[in-house]
Amino acid sequence: MCGDLRKEATGKEVILMGWVNNRRDHGGVIFIDLRDYTGLCQIVFGNQHDANSFERADTLRSENVIAIKGIVADRADNMINPKMVTGEIEIFVTELKILNTCKNLPLQISDEQQEVNEKTRLKYRTLDLRRPAMQENLMLRSKAAQVVRNFFYDSQFFEIDTPFLTRSTPEGARDFLVPSRVNPGKFFALPQSPQLFKQMLMISGYDRYFQIVKCFRDEDLRGNRQPEFTQIDIEMSFTDQAQVISVVEKMVQKLFKETINVDVQLPIIQMTYAEAMDDYGVDAPDLRYDLKLKDVSSIIKGCGFKVFSGATDKGGIVKTIMVPNGSSLSRKELDDFTDFVKIFKSKGMAWAKINEDGWQSPIAKFFTEEEIQAINEKTGAKPGDLILFGADTSKIVNDSLGNLRKEIAKKLGLVNDDVFKFVWVTDFPLFEYDETEKRYSSSHHPFTMPVIEDLEKWGETDPSKIKSIAYDLVLNGVELGGGSIRIHQKEIQEKIFKLLNLSDQEIKEKFGFFIESLEFGAPPHGGLAFGFDRIMMFLNKTSSIRDVIPFPKTQQASCLLTEAPSDVALDQLKELGLAIRKSNQ
RNA sequence: GGAGCUGUAGUUAAGAUUGGUUAUAACGCCGGCCUGUCAAGCCGGAGGCCGCGGGUUCGAGUCCCGUCAGCUCCGCCA
C-alpha cells in the first residue's frame with residue numbers, strides 16, 4: 001500500500017492504487033502524491049520512465065483514482081522528504097491506468113490546515129470521511145471494538161444480539177416508533193437499550209453477556225448525544241457491584257492501553273454520589289483539578305446578607321468556590337461568571353477578593369469579622385485568592401457552581417486533555433423527585449436494585465432517601481457508562497413499579513412478560529453499559545460526537561447527506577394504516 | 001419549548017462600529033511556462049442571489065423585523 005513502502009523495497013516493481021492527493025507539474029516531470037488509507041507515496045511521471053503515462057499524467061487532478069505500475073527508487077540524499085514516512089523512496093511510473101475522475105471538490109481532502117464548516121462536511125460526508133483525520137478516527141473505532149470484543153470473549157462473555165424491533169416501554173426517553181404493516185395501528189419501538197433482553201438472557205442461563213449495540217432515544221441532541229448511538233452492553237449473573245466494577249475496569253485499562261497506549265491505574269478510585277455532589281456539585285466530577293465546592297451554610301446562617309440567610313432559611317444552601325490567585329480576575333470576567341450561572345437558574349453570584357486587610361467585595365459590609373474569618377478558614381482562602389458564592393436551593397447551587405467550576409478550570413487553563421482521571425461514582429439515590437410531574441422517577445432505571453434496608457425503612461415515607469446499588473464510571477467529568485445490580489425478585493420489582501406510580505394494570509400490560517420471567521428462577525445479576533461513542537471521543541481527543549460517528553445527525557436530528565428524515569409516499573402510509581395530521585393540535 | 005454564536009466566490013476568512021463608485025484576500029479551479037518538487041514556482045483567467053423574505057433609506061453585505069439552516073448550551077436525555 002501507499003504508506004507501507006520503505007527503502008528496503010528499492011528496485012522492486014510495485015502496483016499501487018489510490019487517489020491523487022496532490023499534483024506538482026514541472027513540465028518535464030510530474031510528481032503526484034498517491035494516497036490510500038495507509039498514507040502517501042510520491043510517484044514520478046517522466047518521459048524516461050514511460051512516455052505514454054507521462055503524457056496522460058498531465059490530465060490527472062485531485063482525487064482522481066488511478067492504478068500505477070512502477071519501480072521503487074531510492075531518493076538521493078538532497079531529495080529525501082523527512083516529513084513523509086515514505087519520504088526516502090519514490091516510484092518511477094511505467095504504467096498508468098486512470099480508474100476514475102473527480103469533479104471539483106466542495107472541500108479539500110488534503111488540506112488539514114483548513115477547518116471546514118460542519119454543514120459542508122456533513123453534506124459531503126463521503127469526502128469528509130476520506131480525510132485522513134476522519135479515517136484515523138473510524139479506524140481507531142474499529143480497533144477499539146475489536147479490543148472490547150476480544151476482552152469479553154476471553155473473559156467468558158457471550159456476544160448475543162437482541163432485537164431492534166421491540167415494544168415501547170413507559171419511563172425513560174421517548175421511543176422511536178416503527179409501524180407494523182402486518183398489525184395495522186400497532187407499533188414497534190426501537191430499543192433505548194437492550195436492558196430487559198440482557199436481563200432475560202441472564203435468566204436464561206447465559207451467565208455473562210456483552211454486545212456492542214445501537215440504541216435509540218428520541219431526545220434532543222447535544223455535542224455528545226445522538227439519537228442513535230452505540231453502547232458496550234454488559235450483564236453478568238451471580239455477581240455483585242465489586243465484581244462488575246473489577247471486570248469492567250480491566251476492560252477499560254486494556255482498551256486505553258491497546259488503542260492510545262495510556263496506562264490506567266487500577267483499581268479506579270471510587271466516591272459516593274453524596275461526596276461527588278458535596279465536593280463538586282455534579283454526579284460526574286472532573287478530578288483533573290481541585291477547586292472544590294465548600295458548603296458555608298452553617299457559617300452564614302443568620303448573617304446580615306439577606307440573600308444568603310434567606311436561602312438557608314428556606315432550606316437552601318450557600319456554597320463557595322475558592323479560586324487560588326483569583327483576585328486578579330477583572331470585573332468583566334466576574335460578570336461573565338455571573339451570566340454563566342444564570343444558565344442554571346441561579347439568580348446571581350456573589351464574590352469576594354481576599355486582600356491583606358480583608359475582603360474586597362460588594363457584600364463585605366453584611367458580614368461580621370468573625371463570619372469573614374470563618375469563611376476564609378473553611379474555604380482555605382488566602383490574600384490574593386477569590387471566593388465565589390452561590391445561594392439558592394441545593395439543586396440550583398450545585399448545578400450552577402458545579403458547572404461554573406468546570407468553566408473556571410477551562411478559563412484558567414487547568415484542563416489538560418492528556419490526563420485521564422477516572423472515578424467510579426457509587427451509591428446513587430434510587431429515585432429523583434420530578435418537580436414538574438410531581439412524582440418519583442428512577443435515577444438509573446426501574447430495574448435497579450435498591451438497598452433493601454433503605455427500601456424497608458423509607459419505602460412508605462420518603463423514597464428519595466433510598467439508595468441503590470448503582471455505579472457510574474466517570475472520566476474527566478464525563479459519564480462514560482453506568483450500571484447497577486438488578487432486581488431479580490418479582491416482589492421487589494413490583495414494589496418499585498408501585499413507587500414509580502405505575503398501576504397494577506400498567507405493570508401487567510407493559511412489563512408483564514418481564515415480571516413473569518423473574519418468577520422462573522431469575523439469578524442475581526447486574527451489569528453496566530458504556531457509551532462507546534463517548535469513549536471514542538476521548539480516544540480520538542475530540543469534543544464532538546459527530547467526529548467519531550461515520551454518518552451522524554445534525555442538532556435538528558436530520559442527515560444532511562441523505563436528507564433523512566423525508567416524506568414518504570401516500571401508498572406507504574396507507575399500507576401501514578397511517579395518516580398524517582395537518583396541524584399539530 | 002428557551003438562550004447564545006454563526007451564515008459573504010468551490011473552501012476558509014476580511015468587509016458590519018461610521019450605509020455610498022466595480023465586495024477583498026488566501027487556498028482551490030481553468031489556461032500557459034517550467035526536469036526534482038513535496039503547502040512546488042512564475043504569468044494570466046474565470047468564479048458572488050453577501051442564507052432567504054420583508055422593511056427603513058436617494059442608496060443596504062452593512063441598520064430594523066421576520067424566517068431558515070449549522071453549532072454550543074438550558075429544558076429533555078429511566
Side-chain angles (χ1 to χ4, degrees), chain A residues 21-34 40-49 54 58 61-63 73 75-76 78-84 86-87 90 102-124 127 169-175 192-193 195-196 215-227 229 339-346 396 399-400 403 407 428 430-432 434-437 440-448 468 470 479 482 484 496-497 500 529 531 543-544 546 553-556 558 560:
Chain A
N21 191 66
N22 187 2
R23 186 178 71 123
R24 294 177 294 278
D25 184 348
H26 286 243
V29 61
I30 295 173
F31 299 100
I32 280 176
D33 293 333
L34 193 65
L40 296 172
C41 181
Q42 174 165 285
I43 61 177
V44 185
F45 293 87
N47 246 327
Q48 67 275 39
H49 308 307
F54 171 63
D58 196 46
R61 293 296 180 271
S62 286
E63 302 306 309
R75 294 201 207 179
N78 60 341
M79 293 177 197
I80 288 174
N81 183 355
K83 283 186 250 171
M84 285 169 77
T86 57
E90 59 194 352
C102 178
K103 291 209 298 186
N104 282 349
L105 295 160
L107 54 89
Q108 281 153 245
I109 312 292
S110 54
D111 191 349
E112 292 288 321
Q113 325 290 339
Q114 198 161 285
E115 278 286 315
V116 179
N117 186 319
E118 189 144 8
K119 215 195 274 187
T120 310
R121 289 179 53 197
L122 291 176
K123 180 165 181 198
Y124 299 97
L127 292 173
T169 52
E171 292 252 341
R174 278 185 207 93
D175 285 319
Q192 297 177 24
S193 89
Q195 184 60 33
L196 292 179
C215 302
F216 306 86
R217 293 177 192 176
D218 188 5
E219 295 295 344
D220 287 353
L221 291 83
R222 285 288 188 283
N224 63 0
R225 253 166 46 193
Q226 284 272 310
F229 61 99
D339 287 341
F340 181 82
V341 295
K342 282 179 182 161
I343 298 172
F344 303 92
K345 305 254 174 359
S346 183
I396 290 176
D399 256 10
S400 52
N403 284 289
E407 183 72 9
F428 279 79
L430 187 67
F431 298 119
E432 288 164 355
D434 187 322
E435 289 292 343
T436 49
E437 300 202 15
Y440 288 99
S441 64
S442 296
S443 338
H444 187 51
H445 58 52
F447 318 104
T448 302
S468 63
E479 181 198 329
S484 61
I496 298 299
F497 283 144
L500 288 169
S543 57
S544 169
R546 296 177 299 281
K553 308 285 185 287
T554 69
Q555 196 163 53
Q556 293 303 309
S558 68
L560 297 181

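Values reported hereafter were calculated over all heavy atoms of this structure, with side chains retained and with hydrogens, waters and symmetry mates removed. In what follows, chains are A, B, ... by sequence order, proteins preceding strands, each numbered from 1.
- Toward the 5' end of RNA chain B, the nearer of the two residues A:Gly27 and A:Leu122, judged by each one's closest nucleotide, is A:Gly27.
- Classification of the A:Phe31-A:His26 ring pair by plane angle, with boundaries at 30° and 60°, yields perpendicular.
- Nucleic acid contact class of A:Leu560 (heavy atoms, under 4.0 Å, all strands): sugar-phosphate only.
- Under 3.5 Å, the side chain of A:Arg225 and the base of B:rC77 form at least one donor-acceptor pair of N or O atoms.
- B:rC58: Watson-Crick or G-U partner is B:rG20, with both key distances under 3.5 Å.
- Residue A:Asp175 contributes atom CG, which lies 15 Å from atom C1' of B:rC76 at whole-angstrom precision.
- In this structure, B:rG10 forms a base pair with B:rC27, meeting either the Watson-Crick or the G-U wobble geometry with both donor-acceptor distances under 3.5 Å.
- Side chain of A:Arg23 to main chain of A:Arg61: no donor-acceptor pair is present (N/O by atom type, distance under 3.5 Å, no hydrogens or angles).
- Checked against B:rC77, B:rU35, B:rG75, the side chain of A:Val29 finds its nearest nucleotide in B:rU35.
- Across the P atoms, B:rC73 and B:rG54 are found 35 Å apart, a figure rounded to whole Å.
- With distances taken from any side-chain atom of A:Asp220 to the nucleotides B:rG36, B:rG1, B:rC73, the minimum falls on B:rG1.
- If you take atom C1' in B:rU72 and the same atom in B:rG55, they sit 31 Å apart, rounded to whole Å.
- When the C1' atom is used for both B:rG61 and B:rA13, the distance is 15 Å, rounded to whole Å.
- The side chain of A:Ser544 contributes no N or O atom lying less than 4.0 Å from OP1 or OP2 of B:rC71.
- For B:rC64 and B:rG28, the C1' atoms lie 37 Å apart once the distance is rounded to whole Å.
- Side-chain atoms of A:Arg75 and base atoms of B:rC38 include a donor and an acceptor less than 3.5 Å apart.
- Of all nucleotides listed (B:rU11, B:rC76, B:rC38), B:rC76 comes nearest to the side chain of A:Arg222.
- Taking atom P on both nucleotides, B:rU21 is separated from B:rC38 by 41 Å, rounded to a whole Å.
- Rounded to a whole Å, the CG atom of A:Asp339 is 15 Å from the P atom of B:rA3.
- Taking the P atom of each, B:rA9 and B:rG48 are spaced 10 Å apart, rounded to whole Å.
- Rounded to whole Å, the P atom of B:rU62 lies 16 Å from the corresponding atom of B:rU57.
- Pair check for B:rA3 finds B:rU72; Watson-Crick or G-U wobble, both atom distances under 3.5 Å.
- Ionic pairing of A:Asp33 and A:Arg24 is present here: one or more N-O contacts between side-chain nitrogen and carboxylate oxygen are shorter than 4.0 angstrom.
- A salt bridge links A:Arg546 with A:Glu118; the closest basic N to acidic carboxylate O contact falls under 4.0 Å.
- Ranking B:rC71, B:rU35, B:rG28 by closeness to the A:Gln108 side chain, first place goes to B:rG28.
- As judged by a 4.0 angstrom heavy-atom cut-off over every strand, A:Glu432 is placed among residues making no nucleic acid contact.
- With hydrogens and angles ignored, the 3.5 Å screen pairs a side-chain donor or acceptor of A:Glu219 with a backbone N or O of A:Arg174.
- Residue A:Arg546 is classed as a sugar-phosphate contact, given heavy-atom separations below 4.0 Å to backbone atoms only.
- Distances shown here put every side-chain N or O of A:Lys123 at or beyond 4.0 Å from the OP1 or OP2 atom of B:rA69.
- Nearest nucleotide to the side chain of A:Phe344, out of B:rC34, B:rU37, B:rC74: B:rC74.
- Counting only heavy atoms from C-beta on, A:Asn117 has its side chain closest to B:rU12 among B:rG36, B:rC74, B:rU12.
- At least one side-chain nitrogen or oxygen of A:Arg61 sits closer than 4.0 Å to the OP1 or OP2 atom of B:rG31.
- Side-chain atoms of A:Gln555 lie closest to B:rC71 of the nucleotides B:rC71, B:rU12, B:rC34.
- Checking B:rG48 for Watson-Crick or G-U wobble geometry (two distances, each under 3.5 Å) identifies no partner in any strand.
- In this structure, A:Gly223 reaches the sugar-phosphate backbone alone: every heavy-atom distance under 4.0 Å involves primed, P, OP1 or OP2 atoms, never a base.
- Comparing the C1' positions of B:rA23 and B:rC5 gives an interatomic distance of 24 Å, to the nearest angstrom.
- Using a 4.0 Å heavy-atom criterion, one finds that A:Thr169 contacts no nucleic acid atom at all.
- Checking B:rA39, B:rG36, B:rC71 against every side-chain atom of A:Asn22, the shortest atom distance belongs to B:rA39.
- Of the candidate nucleotides B:rC73, B:rG75, B:rG10, B:rG10 has the atom nearest to the side chain of A:Pro106.
- Put simply, CD on A:Gln556 is 14 Å from C1' on B:rU67, counting in whole angstrom units.
- Across all strands, A:Glu90 comes closer than 4.0 Å to base atoms (heavy-atom distances).
- Of the candidate nucleotides B:rC38, B:rC29, B:rU11, B:rC38 has the atom lying nearest to any side-chain atom of A:Arg24.
- Remark: ring of A:His26 overlaps the six-membered base ring of B:rA40 in a stacked fashion, centroids less than 5.5 Å apart, planes less than 30° apart.
- Of the possible donor and acceptor atoms, one in the side chain of A:Ser468 sits under 3.5 Å from a partner among the backbone N and O of A:Phe428.
- As judged by a 4.0 angstrom heavy-atom cut-off over every strand, A:Ser558 is placed among residues touching the sugar-phosphate backbone only.
- The minimum heavy-atom distance between A:Met84 and A:Leu40, with the atom names listed, is CE-CB, 3.8 Å.
- Counting heavy atoms from C-beta outward, A:Glu63 and A:Ile109 have side chains that approach closer than 4.5 Å.
- Within the 4.0 angstrom heavy-atom criterion, only backbone atoms of the sugar-phosphate kind lie near A:Ser443; the bases stay farther away.
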